[in-house]
Amino acid sequence: DAPLRVHAEARGKFIGYAANTGPLANEAAYRTIAASEFNQVTPENALKWESTEPSDGNYTFAGADQVVAFATANNQQVHGHTLVWHSQTPGWVQGLSAAAMRTAMQDHIATVVGRYASNPAVVSWDVVNEVFDDNGNLRTSFWLNTLGSSYIADAFRLARAADSNARLCINDYNVEGINAKSTAMYNLVRQLRADGVPVDCVGFQGHLAIQYGFPSQVRENMERFAALGVQVRVTELDVRMQTPRDSTKDTTQATYYRNVVQACLAVTACAGITIWGFTDKYSWVPDVFSGEGAALLWDANYATKPSYTAVHDAL
Ligand code: XIL
């Protein structure tokens with residue numbers, strides 16, 4: 001049957017994956033699925049600050065360029081992830097004074113966004129990532145502590161200055177359903193737009209786990225953001241479980257994937273879904289969540305799982 005991207009295109013949505021530059025360079029099975037099944041890609045790590053500017057003013061774009069070249073060759077759109085985040089940002093940034101940190105942010109956004117501004121494949125950016133803590137307060141990161149909350153608006157304005165066309169997103173986790181954190185996100189986005197800050201898009205990461213239940217009111221949550229005039233998208237979808245897999249867990253996982261796809265399809269403003277990888281061979285989950293894994297659509301041997309069928313049939 002037709003690959004995921006054919007069905008997604010017919011629905012006017014993107015279906016994407018997070019690209020791992022290792023296997024993307026040299027693993028045939030990985031490259032074949034990446035090219036054939038998806039029409040969108042987010043570099044999993046290659047556009048993070050630690051990858052692009054590991055020391056002050058020394059930029060390295062080898063990994064990012066590799067992903068962009070593969071995407072271009074396969075007619076896929078690229079989402080840049082991410083410009084301003086508390087994690088995977090080098091120590092040299094974290095220790096700067098306010099004035100120096102502001103300058104570093106200006107230089108970084110101008111350089112990284114500017115590099116791809118005229119590249120037709122690179123269409124959107126996560127300008128800020130995970131600015132909230134788990135209670136829906138602004139996260140007490142080095143960004144907030146040093147610059148105050150204005151760093152968020154400043155980052156969006158700098159990104160707009162570097163690329164007048166790119167779609168500029170705010171991205172976070174545990175904001176898929178309606179809850180205190182997603183309401184805080186909603187209020188921030190509304191305020192930023194009222195202030196004329198160029199926020200075009202809201203990303204719901206979608207790192208789900210079957211043992212915690214499916215978030216409530218995912219479609220309604222997308223709709224309330226859409227009513228603010230922003231595009232929405234699911235940016236990092238995966239559905240982990242306590243390993244080992246079994247058929248019961250696989251079936252539950254498949255319903256989670258299907259529910260997310262159906263929510264996006266039901267909301268015009270939902271542009272698409274990016275899955276945070278595609279094969280369990282390279283998922284980030286086992287490295288971060290002890291005893292959990294099997295979160296993706298293909299197993300570690302590149303065999304499709306029930307969740308692949310669920311996504312395929314829902315699209
Ligand atoms: C993860 C990557 O998948 C890992 O390879 C890396 O070691 C850590 O970061 N939220 C995000 C992503 O916004 O950037 C994270 O990606 C997963 C959680």
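Counting convention: from 1, in listed order, for ligands and their atoms alike. On a predicted model such as this, the values are computed, not experimentally measured, just so you know.
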Indicate yes or no: at least one non-hydrogen side-chain atom of Lys305 is less than 4.5 angstrom from one of Tyr257.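 In short, these two side chains do not touch, never coming nearer than 4.5 Å.
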In Å and rounded to the nearest 0.5 Å, what is the CZ to OG1 distance from Phe61 to Thr111? 6.5 Å
Minimum heavy-atom separation for Asp238 and Leu296, please, with both atom names.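 Looking at all heavy atoms of both residues, the shortest contact is CB-CD2, 3.8 Å.
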What are the two closest heavy atoms between Ala159 and Val127, and how far apart are they?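 Distance-wise, the nearest heavy atoms are CB-CG2, 3.9 Å.
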Kindly print each ligand 1 N/O atom paired with any protein N/O atom under 3.5 angstrom away, one pair per line, or none if nothing qualifies.
from	atom 1	to	atom 2	distance (Å)
ligand 1	3 (O)	Glu44	OE2	2.4
ligand 1	3 (O)	Trp276	NE1	2.9
ligand 1	5 (O)	Glu44	OE2	3.3
ligand 1	5 (O)	Asn45	ND2	2.9
ligand 1	9 (O)	Lys48	NZ	3.1
ligand 1	9 (O)	Gln88	OE1	3.1
ligand 1	10 (N)	Glu130	OE2	3.2
ligand 1	10 (N)	Gln205	OE1	3.3
ligand 1	10 (N)	Glu236	OE1	3.0
ligand 1	13 (O)	His81	NE2	3.3
ligand 1	13 (O)	Asn129	ND2	2.9
ligand 1	13 (O)	Gln205	NE2	3.4
ligand 1	13 (O)	Glu236	OE1	3.2
ligand 1	13 (O)	Glu236	OE2	2.8
ligand 1	14 (O)	Lys48	NZ	2.7
ligand 1	14 (O)	His81	NE2	2.7
ligand 1	16 (O)	Lys48	NZ	3.2
ligand 1	16 (O)	Trp276	NE1	3.3

Tyr308 versus Glu37, side-chain donor and acceptor atoms under 3.5 Å: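 Indeed, the side chains of Glu37 and Tyr308 share at least one donor-acceptor pair under 3.5 Å.
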For the hydrophobic clusters of this structure (ILVMFWY residues joined by side-chain heavy atoms under 4.5 Å, transitively), does one cluster hold both Leu192 and Val84? yes
